[in-house]
Amino acid sequence: MEQKGSLVSRANSIGSTSASSVPNTDDEDSDDRQETIKNDYKDRRRRAHTQAEQKRRDAIKKGYDDLQCIVPTCQQQDIAIGTQKLSKAVVLQKTIDYIQFLNKEKKKQEDDVSTLRKEVMALQIMKSNYEQIVKAHQNNLHEGTDQVPDEMKFRVFQGIMDSLFHTFNSTVSVNSFQELSACVFAWIEEHCKPQTLQDIVIRFLHQLKNPLY
């Protein structure tokens, strides 16, 4: 009876040892899956970063290519460079130079437009002045039936010119062509106003009518 109990005890001991020596495959599979997921995530991040970097480089390259097509000076390569592709630094410098050139041309055109506007304004003032003179002359003709001799017309014209030349000579500077142009327009705007010319004409007409003249 004791011998039978000993056999059962040894059998249980052997079974327990055998069970403990069997590896736990479920834990190992779980670790492998986590490692695989982790590696996949790293790969996806690496690929996304690489794609984003490539996209950025492509955009920069396209920008430089567009500049070379747009800026004329980038298409006129130096003889020393030949057909060699321009560096990014050269492309940027040529672009800056071209933009500065365009700004200067824009300012020059604006100055030309401003000068033309002043000339148009001066012509309009002169036209208005002549219209006022003609109108005053027509009004004076209706005042009497006596015909005005040519000498009197010349004296009126001479008096007007003398008065205008006096102001012109004292106002306009001839130190340079630029000062001359600026002063002429200022003189026209100041001394060739319709009311001013009309006052000059009326004054001389009154002087001609005065026997003491």
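Residue numbers run from 1 in the order of the sequence given.
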Evaluate K104 against K108 for side-chain contact (heavy atoms from CB on, under 4.5 Å), listing each step before the verdict.
CA-CA 6 Å; K104 291 180 180 179; K108 181 177 179 299; over 6 Å; no

Verdict with supporting geometry, E53 and R57, salt bridge (charged side-chain N to carboxylate O under 4.0 Å, His left out)
CA-CA 6 Å; E53 180 66 18; R57 292 181 180 180; 3.2 Å; yes

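K94 and D97 are not joined by a salt bridge, as no carboxylate oxygen comes within less than 4.0 angstrom of a charged side-chain nitrogen. Contact check on K107 versus E110 returns no salt bridge, with no Lys/Arg side-chain nitrogen under 4.0 Å from an Asp/Glu carboxylate oxygen. Ion pairing between D58 and K62 fails under the 4.0 Å rule for side-chain N and carboxylate O.
Looking only at side-chain heavy atoms (C-beta outward), H49 and R46 stay at 4.5 Å or farther from each other. Annotation: side chain of K118 is not in contact with side chain of M121 (no heavy-atom distance under 4.5 Å). A 4.5 Å side-chain heavy-atom check between Q34 and K38 finds every atom pair outside the cut-off. When side chains are defined from C-beta on, Q51 does not count as touching K55, because their heavy atoms never get closer than 4.5 Å. Residues T171 and E190 fail the side-chain proximity criterion, which asks for heavy atoms closer than 4.5 Å.
Nearest heavy atoms, L164 versus W187: O-CZ2, 3.6 Å. The shortest non-hydrogen separation linking S163 to I200 is OG-CD1, 3.7 Å. In plain terms, the two heavy atoms of E189 and I125 that are nearest each other are CG-CD1, 4.1 Å.
Under a hydrophobic clustering in which Ile, Leu, Val, Met, Phe, Trp and Tyr are joined whenever their side-chain heavy atoms come within less than 4.5 Å, directly or via other members, V90 and I60 fall into the same cluster. I99 and I70 fall into different hydrophobic clusters, where Ile, Leu, Val, Met, Phe, Trp and Tyr side chains are chained together by heavy-atom contacts under 4.5 Å. One hydrophobic cluster holds both L92 and L86 under the rule that ILVMFWY side chains link at heavy-atom gaps under 4.5 Å. When the side chains of ILVMFWY residues are joined at heavy-atom separations under 4.5 Å, either directly or via intervening members, I133 and I202 end up in two distinct hydrophobic clusters. The hydrophobic cluster containing L123 does not contain F185, counting ILVMFWY residues as joined when their side-chain heavy atoms lie under 4.5 angstrom apart, directly or transitively.
Rounded to the nearest 0.5 angstrom, I96 CD1 and T73 OG1 are separated by 11.0 Å. Rounding to the nearest 0.5 Å places CD1 of I188 at 11.5 Å from SG of C183. Taken to the nearest 0.5 Å, the CZ atom of R47 stands 15.5 Å off from the CD atom of Q54. Note: D43 CG to Y41 OH = 12.0 Å, rounded to the nearest 0.5 Å. The CG atom of D65 sits 11.0 Å away from atom SG of C74, with the distance rounded to the nearest 0.5 Å. Between atom OG1 of residue T196 and atom CD of residue Q132 there is a gap of 11.0 Å, rounded to the nearest 0.5 Å.
Although no hydrogens or angles enter the test, the distance criterion places no donor-acceptor pair under 3.5 Å between the side chain of S128 and the main chain of Q124.
The environment of M126 atom CE is sparse: at most 12 non-hydrogen atoms of other residues, nucleotides or ligands sit within 6.0 angstrom.
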